[in-house]
Every structure is written in C-alpha cells, then in structure tokens.
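All values reported here derive from a predicted model rather than from experimental measurement. In what follows, every chain begins at residue 1, and chains take the letters A, B, ... in the order their sequences are listed.
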2 protein chains.
Amino acid sequence: MFSQTEENYIKAIYALSVQTGKAVSTNLIAEKMDTKASSVTDMIKKLSDKKLVNYKKYQGVSLTKMGQKTALSIIRKHRLWEVFLVDKLDFSWDEVHDIAEQLEHIQSEKLIDKLDEHLGFPSFDPHGDPIPNKEGKFKERKKILLCELPIRTEGVCVGVKDSSSQFLKFLDKNKIALGDKITIVDREKFDSSMHLKVGERAVHISQKIASNLYLKLI
Amino acid sequence: MFSQTEENYIKAIYALSVQTGKAVSTNLIAEKMDTKASSVTDMIKKLSDKKLVNYKKYQGVSLTKMGQKTALSIIRKHRLWEVFLVDKLDFSWDEVHDIAEQLEHIQSEKLIDKLDEHLGFPSFDPHGDPIPNKEGKFKERKKILLCELPIRTEGVCVGVKDSSSQFLKFLDKNKIALGDKITIVDREKFDSSMHLKVGERAVHISQKIASNLYLKLI
DNA sequence: AATTATTTTTAGACTAATCTAAATTTTAAA
DNA sequence: TTTAAAATTTAGATTAGTCTAAAAATAATT
Ligand SMILES: [Mn+2]
Ligand SMILES: [Mn+2]
Ligand SMILES: [Mn+2]
Ligand SMILES: [Mn+2]
C-alpha cells in the first residue's frame with residue numbers, strides 16, 4: 001500500500017499535528033524525521049498526490065481523513081507489537097520501541113487482528129499510551145503530569161511523556177513503574193525537586209522527572 | 001546490515017545452490033526472483049563487493065562462508081516466524097509464508113532469540129522444514145517422497161516439497177497433515193495414482209500429490 | 001513601508017534497484 | 001571449426017528517496 005518511508009512521514013505528521021494543534025510546518029517535520037526541509041517538501045507533494053495530506057505551498061500540511069486513518073493504523077500496529085514484546089517475549093519497556101519501529105510496517109490486516117486477540121485486546125501499550133482499535137478509536141485516559149499533582153494527593157502512575165530508553169532505565173533504577181501509587185510529600189523551593197512516596201518508599205526526584213511522568217487521580 | 005533486496009537475493013542463491021549443487025546462473029536467479037538478468041548481474045556485483053558471493057564473470061555465483069551464514073540466519077527467522085504464526089496466532093500452514101517473507105527481514109538478534117525460546121526451540125517449521133539454530137546448524141531429517149515408499153510399508157508424513165497455498169489447502173481438504181501415518185495400499189498402473197490408508201481412512205491421490213509429500217519410515 | 005531574517009520551495013545531482021536494448025561471451029549445432 | 005543460439009554483461013534510462021545550493025515567499029525588524 002504505502003512505502004515504509006511514506007508511513008513514517010504520516011506518523012510524524014500525525015504526532016506533530018496532535019502536539020501542536022495546527023498545520024505542521026516543513027521544518028518541524030524535517031527536524032522530527034532527521035532529514036532536510038527539501039526532502040520533506042518532495043515527500044509532502046507525493047503524500048498530497050495520494051490524498052493523505054492537505055497541502056498549499058508555504059502553508060504547512062494537515063492529514064486528510066484517509067491520512068489520519070493510516071496514521072492510526074500504524075500507531076495501532078506499533079503499540080500492539082510493543083505489548084507483544086513485553087508481555088510475551090519478556091522484553092523490558094525501554095527495549096521495545098526500536099523493534100516496534102520495524103514491525104509496525106508489516107503489512108497484514110489479519111496478522112494484527114490475530115495479534116490483538118492473542119494479547120487480549122489491550123487498551124494501553126507498555127508506556128501507557130492508548131492503542132487504537134480496528135476502527136482507529138481509542139480512549140485517551142484522563143491524566144496529569146506528576147509536577148501538576150497537588151501536594152499530599154495520591155495518584156497512580158499511568159504513563160510516561162518521554163519514552164526514551166534513558167528515561168525508562170532511570171525509572172527502572174528507581175523502581176518506579178506503571179501502576180505504582182505516588183504521593184508528593186514535599187517540594188523543594190530551590191530547584192522544584194520533589195520528595196515522593198512511591199508505594200511505601202521515599203524517593204527524591206528532579207523537576208525534569210516530574211514533568212515526564214503521567215498520573216491518574218484516584 | 002543488508003537491505004531487504006540483498007537479503008532476498010542471498011536467500012534465492014542459497015536455495016538454488018542447495019537445489020542444483022553447483023554454481024548458480026544469472027538466468028536462474030532472475031527467474032526465481034521474477035526479475036531481469038541485467039538486474040541480477042548488477043546485484044551480484046554488489047554482493048561480490050560485500051564478500052557475500054564468489055563471482056567470476058560469466059561463471060555463475062556461489063555463496064561465501066559469510067553469505068551462507070547470512071542465508072541461514074534469514075531462513076531461521078523465516079521459519080521461526082512461521083511457527084509463531086501457526087502455534088501462537090492460530091494461522092493455518094497455508095497462510096504463513098507471505099507474512100514470514102516480511103517478518104524475516106526484521107533486524108534484531110535479541111528478538112529472534114527470545115522468539116525461539118518463546119516457541120520452545122522448535123526444530124521444524126509448519127511445513128516440516130528444519131530450523132537452523134543460532135549457529136546456523138540444523139538436522140536434515142531422513143525422509144523420502146511418498147511416491148518412493150514401498151507398497152504396504154507404513155510411513156509418517158513429515159513434510160511437503162511443494163509448500164504452495166494451493167497444495168496445502170488440498171491436503172487440508174483431504175485431511176492429510178504432518179504426523180499422519182500413511183500406507184500405500186495399491187498403485188494404479190494406468191496413471192500411477194495411489195490408494196492410501198491415512199490413519200484408518202482410505203484416500204485416493206494422484207502421482208503429483210505423492211511426489212510432493214515427504215514421509216519418514218518407522 | 002522598506003529591509004532583514006527565516007522558512008520553504010526549486011533546481012540539479014546522487015544512490016539503490018530496476019528496466020530495455022545492444023554488445024559480448026559462452027555453449028551448442030552444423 | 002565455423003556458425004548459430006543462448007546466456008551474460010554493459011550502456012543508458014527511470015523511479016524513490018535523499019542531499020546541497022540557490023531562488024522565492026513569508027515573517028520579523030527597523
Ligand atoms: Mn517506522
Ligand atoms: Mn509505546
Ligand atoms: Mn524476503
Ligand atoms: Mn516453511
């Protein structure tokens with residue numbers, strides 16, 4: 001159907017579109033895809049010819065209905081494969097992204113539906129991100145960043161904003177995982193770092209960590 | 001490491017090399033890969049530069065040690081994925097080849113080793129073909145074609161020579177599967193067709209079927 | 001409003017993989 | 001052992017995706 005390259009562009013445009021809420025600029029795509037603006041312009045034209053994006057010169061791009069459908073299908077595949085790798089093959093959550101980047105391009109509707117079933121129709125991937133269903137529908141969880149949690153209020157860790165291997169390994173080292181109950185015991189005025197209670201354990205984390213952990217209130 | 005295209009050429013050269021037992025000709029590769037001889041020549045040069053094949057102009061090609069290692073690694077991946085699709089995702093044996101053609105190109109040593117473990121280190125794929133281990137070693141089963149089986153001698157079905165969807169579906173329809181005990185009850189002189197006993201059932205098959213089913217003696 | 005600065009697009013070139021058509025080499029036949 | 005046929009390689013072109021450098025359009029500053 002579409003080439004891997006086209007699919008990767010579609011996915012990038014989708015992510016940037018959701019992130020910024022407006023038409024996506026050439027330079028932004030170029031940065032995200034680690035390529036040059038001129039290459040992006042070329043690809044945009046191709047995607048536009050294929051009715052995947054709306055494009056007027058110099059005005060940025062947005063996904064068409066069909067582009068969105070395509071993006072969600074790729075994201076669904078990516079996240080289901082991540083669940084597979086963690087749940088069935090016992091990978092840790094910091095190892096799965098790169099492999100899923102490859103697996104997401106395998107073309108077989110039946111494969112992904114069978115995989116979905118095999119995994120028990122999961123709603124979230126190992127990083128807490130929602131998995132679109134066959135129709136592209138998914139429920140975004142009501143969640144807040146840890147740094148926005150009121151003091152002495154309990155929350156449950158449900159996701160990460162930054163899902164880089166670096167950050168995930170840091171969380172592992174500090175024994176912070178999805179499902180953990182977290183309370184802010186105290187904030188340091190000086191550097192906005194926080195003293196937490198994770199389960200029964202006391203943990204001290206920086207502002208940067210706090211602004212990359214998602215919690216849900218209970 | 002290598003492109004999908006390069007990997008597919010390597011795999012084709014390996015198969016033809018095993019099949020014919022001699023240096024593989026440009027035309028043979030072209031036919032197998034459904035491409036033109038000139039394209040094959042170009043690719044052979046590239047593979048030769050990369051030390052994957054031995055090549056002297058007009059003399060055909062053979063795989064180097066490294067080429068063989070590469071081929072076996074791809075075949076290992078292909079067959080393990082086929083086992084996964086059948087054993088874990090409940091695909092039937094005639095549906096898995098095309099999907100495995102894609103999955104075999106996923107690059108991750110760890111993935112394939114974990115998959116191998118998850119599947120219980122299988123020795124044969126759903127079509128009865130042997131699966132090379134991490135070192136590329138595999139045991140070829142001693143097997144004969146059904147058409148070579150002496151009359152009234154019992155054998156166990158262990159593989160197919162033709163693994164096309166057409167043939168596999170035919171076997172399903174006639175309830176012939178790997179593991180079944182088969183005896184030739186009688187041969188028809190006229191068309192070399194055979195009256196079999198498959199388990200307790202009587203089945204009549206053509207010469208063509210008989211020359212595409214592998215049995216082991218017991 | 002005119003001038004910079006930035007962003008985006010175009011022009012031209014490159015690589016990987018493919019093709020057709022022509023040239024060359026090898027093999028088979030006369 | 002010439003000649004004809006078949007196989008193989010080369011030459012030149014094409015497409016997808018990329019790049020650099022230059023041109024054009026938009027945005028930001030005087
Ligand atoms: Mn990708
Ligand atoms: Mn994820
Ligand atoms: Mn392949
Ligand atoms: Mn097989």
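Looking at B/V86 and B/S92, their side chains never come closer than 4.5 Å, going by heavy atoms from C-beta outward.
Scanning all heavy atoms of the two residues, the minimum distance from A/H204 to A/M194 falls at CD2-O, 3.1 Å.
The line from CG of B/L47 to OH of B/Y9 is 8.5 Å long, rounded to the nearest 0.5 Å.
Atom NZ of A/K36 is separated from atom C1' of D/dT20 by 8 Å (rounded to the nearest Å). Atom CD in A/Q4 sits roughly 16 Å away from atom C1' in D/dT18 (whole-Å rounding). The CD-P distance, from B/E31 to D/dA7, rounds to 10 Å in whole Å. When the P atom of D/dT8 is taken as reference, atom NZ of B/K45 falls 14 Å away, rounded to whole Å. Remark: P of D/dT10 and CD1 of B/I44 are 11 Å apart, rounded to the nearest angstrom. Straight-line distance from the CE atom of A/M43 to the P atom of C/dT9: 14 Å, rounded to whole Å. Between B/N8 atom CG and C/dA16 atom C1' there is a gap of 15 Å when expressed in whole angstrom units.
Using a 4.0 Å heavy-atom distance criterion, A/S39 is classed as a base contact. Looking at heavy-atom distances under 4.0 Å, A/T41 makes contact with a base.
Side-chain N/O atoms of A/S38 and base N/O atoms of C/dT8 include no donor-acceptor pair closer than 3.5 Å.
Residue pairs meeting the ring-ring contact (aromatic ring centres under 6.0 Å, His included) criterion with at least one partner in residues 81-101 of chain A, sequence neighbours excluded, are A/H78-A/H97, A/W81-A/F84, A/F84-B/F84.
Defined by atom type and a distance below 3.5 Å, a donor-acceptor pair is missing between the side-chain atoms of A/S25 and A/N27.
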Shorter than 3.5 Å, N or O on both sides, protein versus nucleotides 1-3 of chain D: list them out with atom names.
none

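Screening B/L171, B/D162, B/L145 for a side-chain contact (heavy atoms from CB on, under 4.5 Å) involving B/L213 leaves a single residue, B/L171.
Scanning for side chain to side chain donor-acceptor pair (under 3.5 Å) contacts around A/D116 gives A/R76, with sequence neighbours left out. Partners of A/D129 by side chain to side chain donor-acceptor pair (under 3.5 Å), not counting sequence neighbours: none found.
Listed in residue order, the members of residues 10-30 of chain B having a heavy atom less than 4.0 Å from DNA chain D are B/S25, B/T26, B/N27. Against DNA chain D, the stretch residues 48-59 of chain A makes heavy-atom approaches under 4.0 Å through A/Y58.
Nearest to the side-chain atoms of B/D42 among the listed nucleotides C/dT20, D/dC19, C/dT18 stands C/dT18.
No more than 12 heavy atoms of other residues, nucleotides or ligands lie within 6.0 Å of CD in A/E31, so this atom counts as exposed by the packing criterion. Heavy atoms from other residues, nucleotides or ligands lying under 6.0 Å from CD of A/Q166 number 12 at most. Open room surrounds NZ on A/K69; 12 or fewer heavy atoms of other groups in view lie less than 6.0 Å from it.
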